[in-house]
There are 2 protein chains.
Amino acid sequence: MTTIKDVAKHAQVSVATVSRVLNNNGYVNEDTKKKVVRSIKELNYKPNAVARSLFKKESKTIGLIIPDIMNPFFPELARVVEDVMNKRGYTVILCNSDANPEKEAHYLDILKRKYVDGVMIVTNTLEQDHIKEWELPLVGLDRPLEHTVPSVYSDNIHGACLAVSHLKEIGCHHIAHIQGPLTIANAKQRYQGYKQEIEKNDSFQEDLVVPGEYQWQTAEAAAISLLKNHPYVDGIFAGNDVMAFGVIKAAIKTGRKIPEDLQLIGFDNIFMSEMMHPSLTTISQPIDEMGKKASELLLSLIKGNASVEFPKPFKATLKKRSSTLQV
Amino acid sequence: MTTIKDVAKHAQVSVATVSRVLNNNGYVNEDTKKKVVRSIKELNYKPNAVARSLFKKESKTIGLIIPDIMNPFFPELARVVEDVMNKRGYTVILCNSDANPEKEAHYLDILKRKYVDGVMIVTNTLEQDHIKEWELPLVGLDRPLEHTVPSVYSDNIHGACLAVSHLKEIGCHHIAHIQGPLTIANAKQRYQGYKQEIEKNDSFQEDLVVPGEYQWQTAEAAAISLLKNHPYVDGIFAGNDVMAFGVIKAAIKTGRKIPEDLQLIGFDNIFMSEMMHPSLTTISQPIDEMGKKASELLLSLIKGNASVEFPKPFKATLKKRSSTLQV
DNA sequence: TTGTACGCGTTATCAG
DNA sequence: CTGATAACGCGTACAA
């Protein structure tokens with residue numbers, strides 16, 4: 001490992017001078033600058049990031065805490081975030097919390113000790129008190145957070161309304177909902193949106209709502225028994241795409257054709273939803289934009305912009321595919 | 001931020017003593033130890049990881065370089081790796097290289113400057129020379145690497161043979177192959193295995209092999225034209241699961257039933273393959289085991305075990321589901 | 001315009 | 001058993 005001292009020696013200047021040309025600050029004579037640059041090249045010198053971190057109390061690193069990278073929603077997010085961060089010279093540490101508060105705390109602890117410059121987090125449980133202790137640039141993702149920390153998420157209620165109203169539009173009269181875990185804010189909101197939109201015409205029917213745990217296996221089972229108990233159901237709004245995939249299986253197993261017998265809308269628009277058969281009509285979250293926005297927010301916070309914008313919820317949009325009839 | 005000095009002052013000892021109790025080395029009187037421990041608790045002191053790194057030239061961090069976390073094969077891998085690393089006190093930096101050598105080099109450079117203790121990498125292009133320059137614990141993943149670096153991957157030729165021989169067993173006479181990019185070692189090997197197994201009985205027919213680029217869209221298009229040009233094809237071995245999904249779509253569009261008219265086997269056994277309809281028969285790579293093995297190898301390398309085991313290729317196994325007929 | 005010297009927070013060596 | 005102190009590699013007052 002070659003250090004700044006080696007370069008200084010080689011260029012016959014002091015480390016200070018080398019440091020100056022390295023960081024482009026302070027005055028430095030053009031000729032000596034050239035000398036230094038040459039030495040740097042010749043020795044293939046790369047400044048040591050750790051030493052730099054220690055001094056500057058920053059690491060050009062951020063933490064990304066998500067429940068589980070295996071959940072298909074997150075790779076897309078992670079990719080966007082990593083991309084923009086990388087472009088800006090940051091590196092990202094991946095943390096899978098399993099939505100476990102202790103794990104979250106654990107990661108936050110470690111990240112802080114590594115001088116990460118900020119963290120992006122997807123969490124349901126974030127206690128006000130703890131947040132303040134951090135004094136660390138922090139932005140929430142996918143779900144609204146405490147009022148002290150900006151968060152990037154989409155308008156789930158609106159999205160759910162969109163889904164249900166579209167189902168109504170295309171002729172569904174008995175619309176069921178496969179619901180995510182109510183411990184997760186967006187699942188609750190999607191349920192709310194569903195209920196709200198249903199109640200505009202019909203009376204809300206509680207037994208048309210079944211829990212699917214945001215997983216396709218559970219959703220499949222739930223949908224099967226739903227369809228058995230309520231054979232007249234002709235439309236389903238699934239709380240996310242993965243559960244919608246379960247519904248597709250359920251439909252096949254109970255002998256229904258999608259969309260002819262049963263129309264289906266998911267939520268998220270993860271990239272597999274187009275790949276399914278039938279391809280899935282869904283409420284599309286602008287994951288790319290959201291990831292970019294979150295990254296920019298965090299970067300801005302890191303740069304020191306104390307009071308940073310609290311972005312409005314992103315609008316989710318209806319993405320029509322083959323699991324619903326065309327109007 | 002409270003430092004070791006604060007603790008020392010508070011406990012009325014020297015920083016050296018605090019450091020000793022922190023790291024449990026060197027002798028320290030039981031009573032003073034208690035004092036120190038109490039101070040640590042009281043001040044809620046956490047050692048600064050960066051300072052520690054600077055001194056020890058290690059960071060309790062590893063780099064994970066993969067082509068793209070959005071490729072469904074990698075989240076599973078990333079999750080396993082992150083899990084075992086986290087348990088052992090390591091943190092992982094996620095790097096998406098897009099299989100681009102320059103990006104790989106870029107990341108390696110950065111990682112090194114951050115004193116990462118090692119890196120796991122999925123790459124096709126790794127030049128012998130460069131590797132030696134690193135002097136960094138390194139293990140390959142998913143693909144064999146140069147002979148100097150241990151790598152964890154499965155026996156793709158064997159897996160492909162397994163697939164094709166099973167297709168023959170269950171009555172296929174005209175077996176086609178959707179092929180991955182030949183720049184990727186495992187794609188080439190899967191193709192080799194296919195060819196090898198085919199040639200055992202029939203003569204190999206080159207136009208039954210079509211490129212699918214490891215993507216479902218391309219694979220779908222390729223399969224459609226394949227099935228048009230060679231309507232007698234009754235079995236397809238897809239180079240990976242994602243391409244198999246494309247084949248499912250192609251089959252539907254060309255009016256064939258899977259598995260009755262066309263039998264299909266994929267490769268990888270990513271978790272979505274069970275979710276598809278029909279659920280996908282595939283060659284299952286033990287991703288979990290592989291991730292664990294790779295992690296252990298890397299850890300071992302990091303610990304200084306100069307000559308670490310070069311693991312044998314993992315055996316992939318046939319996972320029968322509904323895209324093939326039962327025997 | 002350049003160099004010296006100190007600090008960032010730890011750990012390890014070496015006296016005591 | 002404990003305490004100074006010198007690294008680790010870099011950035012920046014402060015002097016020159």
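Just so it is clear, the values below take in all heavy atoms, side chains as well, and ignore hydrogens, waters and symmetry mates. We name chains A, B, ... by the order of the sequence lines, and we start the count at 1 in each one.
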| message | Rounded at 0.5 Å granularity, tell me how far NE2 in B:H106 sits from OG in B:S97. | response | 11.5 Å
| message | Is it true that A:T61 and A:K114 share a donor-acceptor pair across their side chains at a distance under 3.5 Å? | response | no
| request: Using the test side chain to side chain donor-acceptor pair (under 3.5 Å), find all partners of B:R143 that sit at least two apart in sequence or belong to another chain. | output: B:N124
| field | Distance test, side-chain N/O of B:Y115 to OP1/OP2 of D:dC10, below 4.0 Å | value | no
| request: Report the distance from atom OH of B:Y153 to atom CG of B:N186, rounding to the nearest 0.5 Å. | output: 11.5 Å
| said: On the nucleotide C:dG9, are OP1 or OP2 found under 4.0 Å from the side-chain N or O atoms that A:K57 carries? | reply: yes
If you look only at distance, which donor and acceptor atoms sit under 3.5 Å apart when one is on a side chain in residues 285-292 of chain A and the other is two or more places apart or in another chain?
{"from": "A:Q285", "atom 1": "OE1", "to": "A:S154", "atom 2": "OG", "distance (Å)": "2.5"}
{"from": "A:Q285", "atom 1": "NE2", "to": "A:D268", "atom 2": "OD1", "distance (Å)": "2.8"}

| field | More than 12 heavy atoms of other groups within 6.0 Å of B:E42 CD | value | yes
| field | Separation of D:dG9 C1' from A:N48 CG (nearest whole Å) | value | 6 Å
| field | Residues A:D31, A:K35: salt bridge by 4.0 Å N-O rule | value | no
| request: Run the numbers on A:I40 and A:L22 for side-chain contact (heavy atoms from CB on, under 4.5 Å), then give the verdict. | output: CA-CA 9 Å; A:I40 289 178; A:L22 234 45; 3.4 Å; yes
| request: Identify, residue by residue, the members of residues 8-19 of chain B with a heavy atom below 4.0 Å from DNA chain C, and return them in order of residue number, or none. | output: B:A16, B:S19
| field | Options D:dG11, D:dG9, C:dC8, nucleotide nearest the side-chain atoms of A:R52 | value | D:dG11
| query | To the nearest Å, how far apart are B:D6 CG and C:dC8 C1'? | reply | 13 Å
| field | Five-pair end axes of the helix from C:dT1-D:dA16 to C:dG16-D:dC1 and the angle they enclose, rounded to 10° | value | 50°
| Looking at residues 20-34 of chain A, who's got a heavy atom less than 4.0 Å off DNA chain C? | A:R20, A:Y27, A:V28, A:N29, A:T32
Which donor-acceptor pairs under 3.5 Å do side chains of residues 46-53 of chain B form with protein atoms, sequence neighbours excluded?
{"from": "B:K46", "atom 1": "NZ", "to": "A:D109", "atom 2": "OD1", "distance (Å)": "3.0"}
{"from": "B:N48", "atom 1": "OD1", "to": "B:V50", "atom 2": "N", "distance (Å)": "2.7"}
{"from": "B:N48", "atom 1": "OD1", "to": "B:A51", "atom 2": "N", "distance (Å)": "2.9"}
{"from": "B:N48", "atom 1": "ND2", "to": "A:Y115", "atom 2": "OH", "distance (Å)": "2.8"}
{"from": "B:S53", "atom 1": "OG", "to": "B:A49", "atom 2": "O", "distance (Å)": "3.0"}
{"from": "B:S53", "atom 1": "OG", "to": "B:E58", "atom 2": "O", "distance (Å)": "2.8"}

